[in-house]
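Input: a single structure, listed below in structure tokens.
Here is the naming used below: chain letters follow the sequence lines, and residue numbers restart at 1 for every chain. Nothing here was measured: the structure is a model prediction, and the numbers come from that model.
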Number of protein chains: 2
Amino acid sequence: MDMKTYTRDNMADLLRQHAINPTHQRLEIAYALFSRQEHLSADQILAIVNTKHSETSKATVYNTLNLFVEKKLIREVIVDPSKVFYDPNTYEHHHFYDVVSGHLTDIDAADFKISGLPMLPPGVITEGIDIIVRIRPQAVPA
Amino acid sequence: MDMKTYTRDNMADLLRQHAINPTHQRLEIAYALFSRQEHLSADQILAIVNTKHSETSKATVYNTLNLFVEKKLIREVIVDPSKVFYDPNTYEHHHFYDVVSGHLTDIDAADFKISGLPMLPPGVITEGIDIIVRIRPQAVPA
DNA sequence: GTCCATGCAAATAGTTTGCACCCGG
DNA sequence: CCGGGTGCAAACTATTTGCATGGAC
């Protein structure tokens, strides 16, 4: 679990550590995610990056995020059929997903213990386990 | 866990039990899913239903599947950012997801035991827990 | 000058919307 | 007839593709 604060300065090093060429667009996109430490969609990231001036395009945001996922700098979180969220935390953890607000919250994997994990089908290996706890605000009586 | 075999005949009753008006299109779509007992995407279902003659449209397949989910006749499985899968099994279970082939396999919930479930944030209730075990075929040496 | 990495406009694919139609009362 | 439920064409939106550009050697 990584608690360091992220600045534009150390962002370039972080990219290089993951074998990613630190271009202007990539730095902006990485900074948007890491400085906030939130779960953001591609659209939200585009909006943040282009707040002041137009710095990049939709396509570049998508391609860059895919690159980051491939290089294991960030993780995809697939909980909503309509959009993917990107998570700057790559340590092992799971998620609460508020189905009403669409908000995601981390759950440290250490909190969970899973036993009786069924055997894998032969000839396959595990890539990872995703656990989504879907929650909703308690209904308020009328 | 429901092992009965599904025919077009008992399909109409099944729909009525879930307060769904059994129209021709709905019967075909339900039959496609239940007779196969597989995880299918909307596109695959459209292809199956229209195999012989054109029986329905894309939009109707989507609307019908959403109706079925709402009426709790089937479940959505959200594992792939590019498409939703629909699951005729509504008993409590989880999934293996082969990230290479895109194939889904059921895991009976009884096999799993989760302990140390973290407390919910206050004022919310659980909707459900989805567990996805992402797997891939073991790399074959060259 | 050549070549590959990069960024983005345009194309694509999955899904939803809004409206025309038809069937039951 | 009239009205709501039904089905679908067209619209919409998230994401990918293919290509033009430009920097590195």
Rounded to the nearest Å, what distance is computed from the [atom1] atom of residue [X] to the [atom2] atom of nucleotide [N]?
X	N	atom1	atom2	value
B:Leu65	D:dT6	CG	P	15 Å
B:Asp43	C:dT16	CG	P	13 Å
B:Glu28	D:dG7	CD	P	12 Å

With sugar-phosphate meaning primed atoms plus P, OP1 and OP2, does [X] contact a base, only sugar-phosphate, or nothing at under 4.0 Å between heavy atoms?
X	value
A:Asn63	base
A:Asn21	sugar-phosphate
B:Thr56	sugar-phosphate
A:Ser82	sugar-phosphate

Could you tell me how the ring of A:His93 sits relative to the ring of A:His95: parallel (under 30°), tilted (30 to 60°) or perpendicular (over 60°)?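 The arrangement is perpendicular - the two ring planes meet at more than 60°.
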Would you mind telling me which of D:dT6, C:dT17, D:dT16 lies closest to the side-chain atoms of B:Arg26?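 Output: D:dT6.
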Measure across A:Leu33 and A:Ile45 and return the closest heavy-atom pair with its distance rounded to 0.1 Å.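 What the structure gives for the nearest pair is CG-CD1, 3.9 Å.
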Could you tell me if the side chain of A:Asn66 sits less than 4.5 Å from the side chain of A:Tyr86, heavy atoms only?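 A side-chain contact under 4.5 Å exists here.
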Distance (rounded to the nearest 0.5 Å) between A:Asp108 CG and A:Glu92 CD: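 It comes to 8.5 Å.
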Taking OP1 and OP2 of D:dG7, is either one under 4.0 Å from a side-chain nitrogen or oxygen of B:Thr23?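 True: B:Thr23 side-chain N/O within range (under 4.0 Å) of D:dG7 OP1/OP2.
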Is A:Thr60 near enough to C:dC8 that one of its side-chain N or O atoms lies under 4.0 angstrom from OP1 or OP2?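 So the side-chain polar atoms of A:Thr60 do come within 4.0 Å of the phosphate oxygens OP1 or OP2 of C:dC8, strictly under.
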Starting at the 5' end of DNA chain D, which residue's closest nucleotide do you reach first, B:Gln25 or A:Tyr62?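 Mapping each residue to its closest nucleotide by heavy atoms, the 5'-most match is B:Gln25.
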